[in-house]
Amino acid sequence: MKLVIDKGYSFTKGVNDRGETIIIPSMVGSPHYGPGEIKGEKIDSTLNNLHIAIESDTIQAEYFVGELARRESPDASFSFDRRKFDQPGTLTVLSTVAGLLMKEPETITLCTCIPYSYFKSQRDEVEEKLRQLCFTVYYFSGPLQGKTRYVSFDQVLVLPEGICAMYQALEEIPRALLKKGALFGLVDSGYRTTNLSVFEMAEEGLRIRADLCKTLNIGISQLHESISRKIKDVIGEELDITDLSNLLVSPKEVWIDGQPLNFTQEVDQSRDEVAHAIKDRVRLAWGKAHRQLRIVALAGGGSLELKDRWKDLHANVHILNRPQTANADGAMQVLKRLENSKLRLVKERTTV
Ligand SMILES: Nc1ncnc2c1ncn2[C@@H]1O[C@H](COP(=O)(O)OP(=O)(O)OP(=O)(O)O)[C@@H](O)[C@H]1O
Ligand SMILES: [Mg+2]
């Protein structure tokens, strides 16, 4: 089976070659046993209820994962570590999602992505780590309740974020634009990072323009910070990450001391400011090449979060059909086109 897992700083996106997709918050936290279980309430067998146990040579632990951790684990938070695969939480989320997308027993080729700028320095290490991974995941709850999955990968390929999404964008860009000499840009706006990629339709085929590819340390986390600061001015305290994420989904109000406070204006103002900052950084990074691009494709959850604010980035912007999973979808396109034996060749050719 071919499997892609894009472990983003805020959401982990998984797709398999059977067309199944999973998106869960990249969060892991301590478990507890809630009153629901004591009263024997109807069991939630969705992805919102992932209570798991992990076992390996070195680890034996129980966790809440994803939405359940976000909602109920006091110690759960997003990790901003530049070396995300050094975080034990990363391997736990990745294995939990892998288990949910596999049937047993299966030979698995895994592809995962890391931010473009860290690709060169971290790729070999991440591949090695994932090749050695051998976890047993037991699902106390969720879609695989009562089941065990043995997670290990036969082959592992690591690709850069943004570049993967570009392979998906190429499926959606009008054929008429794919002419010799044409340049295409892609902005993958995530939570902590925004990955920029440019491809050129060269004589010999598609070429990655490494000089125009970059990871910017800016994303939707700045939106959370900006809203948090504005709200603190009003209520005198900061909201935590769960309240902030809830606030971005309508209705834009928070209940404090029995009163609903509406923050629509603050949220909209912050969205304007952050969109402005991201667009400025993108224009600066691309310089004069920016005006030569035929189209700028938008990927990442940021393309939806700031949906109506991208129009002035470029005369021809296109939000991908499934922007949040664009890296995972694009990486799956790459895997599907390859025979297993050719994986190594692609790794050697990825000119980054
Ligand atoms: N359907 C949606 N509508 C509005 N906003 C969304 C939607 N989906 C995701 N987002 C927002 O986009 C943000 C970024 O999502 P994304 O999954 O692309 O980030 P990430 O990949 O985890 O981050 P990074 O790329 O920095 O690792 C999320 O934190 C969320 O606020
Ligand atoms: Mg991402």
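What you see is a predicted model, and the numbers here were worked out from it, not measured in a lab. In each ligand, atom 1 is the first atom listed, and ligand 1 is the first ligand listed.
Nearest protein heavy-atom neighbour of atom 21 (O) of ligand 1: Lys13 NZ, 2.7 Å. Protein heavy atom nearest atom 8 (N) of ligand 1, with residue, atom name and distance: Gln324 OE1, 3.3 Å. Summary of contacts: the protein heavy atom closest to atom 11 (C) of ligand 1 is Glu305 OE1, 3.6 Å. Counting only heavy atoms of the protein, atom 27 (O) of ligand 1 lies nearest to Tyr9 N, 2.6 Å. Closest to atom 13 (C) of ligand 1 among all protein heavy atoms lies Ile220 CG1, 3.8 Å.
Applying the 4.0 Å criterion to heavy atoms of Gly8 picks out, from ligand 1, the atoms 20 (P), 21 (O), 22 (O), 27 (O). Of all atoms in ligand 1, numbered sequentially from 1 with element shown, those under 4.0 Å from a heavy atom of Arg192 are 26 (O). Atom numbering of ligand 1 starts at 1 in the shown order; those under 4.0 Å from a heavy atom of Ser10 are 14 (C), 15 (O), 19 (O), 20 (P), 22 (O), 28 (C), 29 (O).
In summary, the side chains of Ser73 and Ser30 do not present any donor paired with an acceptor at a separation below 3.5 Å, with no hydrogens or angles considered. Donor-acceptor pairing under 3.5 Å is recorded for the side chains of Thr46 and Asp44.
For the pair Asp81 and Arg83, the salt-bridge criterion is not met [side-chain N within less than 4.0 Å of a carboxylate O]. Lys13 and Glu161 are not joined by a salt bridge, as no carboxylate oxygen comes within less than 4.0 angstrom of a charged side-chain nitrogen. Taking 4.0 Å as the cut-off between side-chain N and carboxylate O, Asp312 and Lys279 count as a salt-bridged pair.
With a 6.0 Å cutoff to the six-membered ring centre and a 45° limit on the axis angle, Lys230 does not count as a cation-pi contact of Phe263.
Inclusion of Phe11 in the set of residues having an N or O under 3.5 Å from an N or O of ligand 1 is warranted. Considering backbone and side-chain N/O atoms, Asn195 never comes within less than 3.5 Å of an N/O atom of ligand 1. Checked by distance only, ligand 1 and Tyr191 come closer than 3.5 Å through their nitrogen or oxygen atoms.
Contacts between Lys307 and ligand 1, counted as non-hydrogen atom pairs separated by less than 4.0 Å, are absent for every part of the residue. Here Thr193 has heavy atoms under 4.0 Å from ligand 1 in both its backbone and its side chain.
Side chain of Ser56 to backbone of Ile59: a donor-acceptor contact under 3.5 angstrom is found.
Here the side chains of Asn217 and Arg192 are in contact, with some heavy-atom distance below 4.5 Å. The shortest distance between side-chain heavy atoms of Thr92 and Ile52 falls below 4.5 Å. Leu91 places a side-chain heavy atom less than 4.5 Å from the side chain of Leu130.
Of the listed residues (Ile114, Thr325, Leu304), the one carrying the non-hydrogen atom nearest atom 3 (N) of ligand 1 is Leu304. Across Gly300, Gly301, Ala328, heavy-atom proximity to atom 12 (O) of ligand 1 is greatest for Gly301.
For the ligand labelled ligand 1, residue Gly302 lies inside the 4.0 Å heavy-atom shell.
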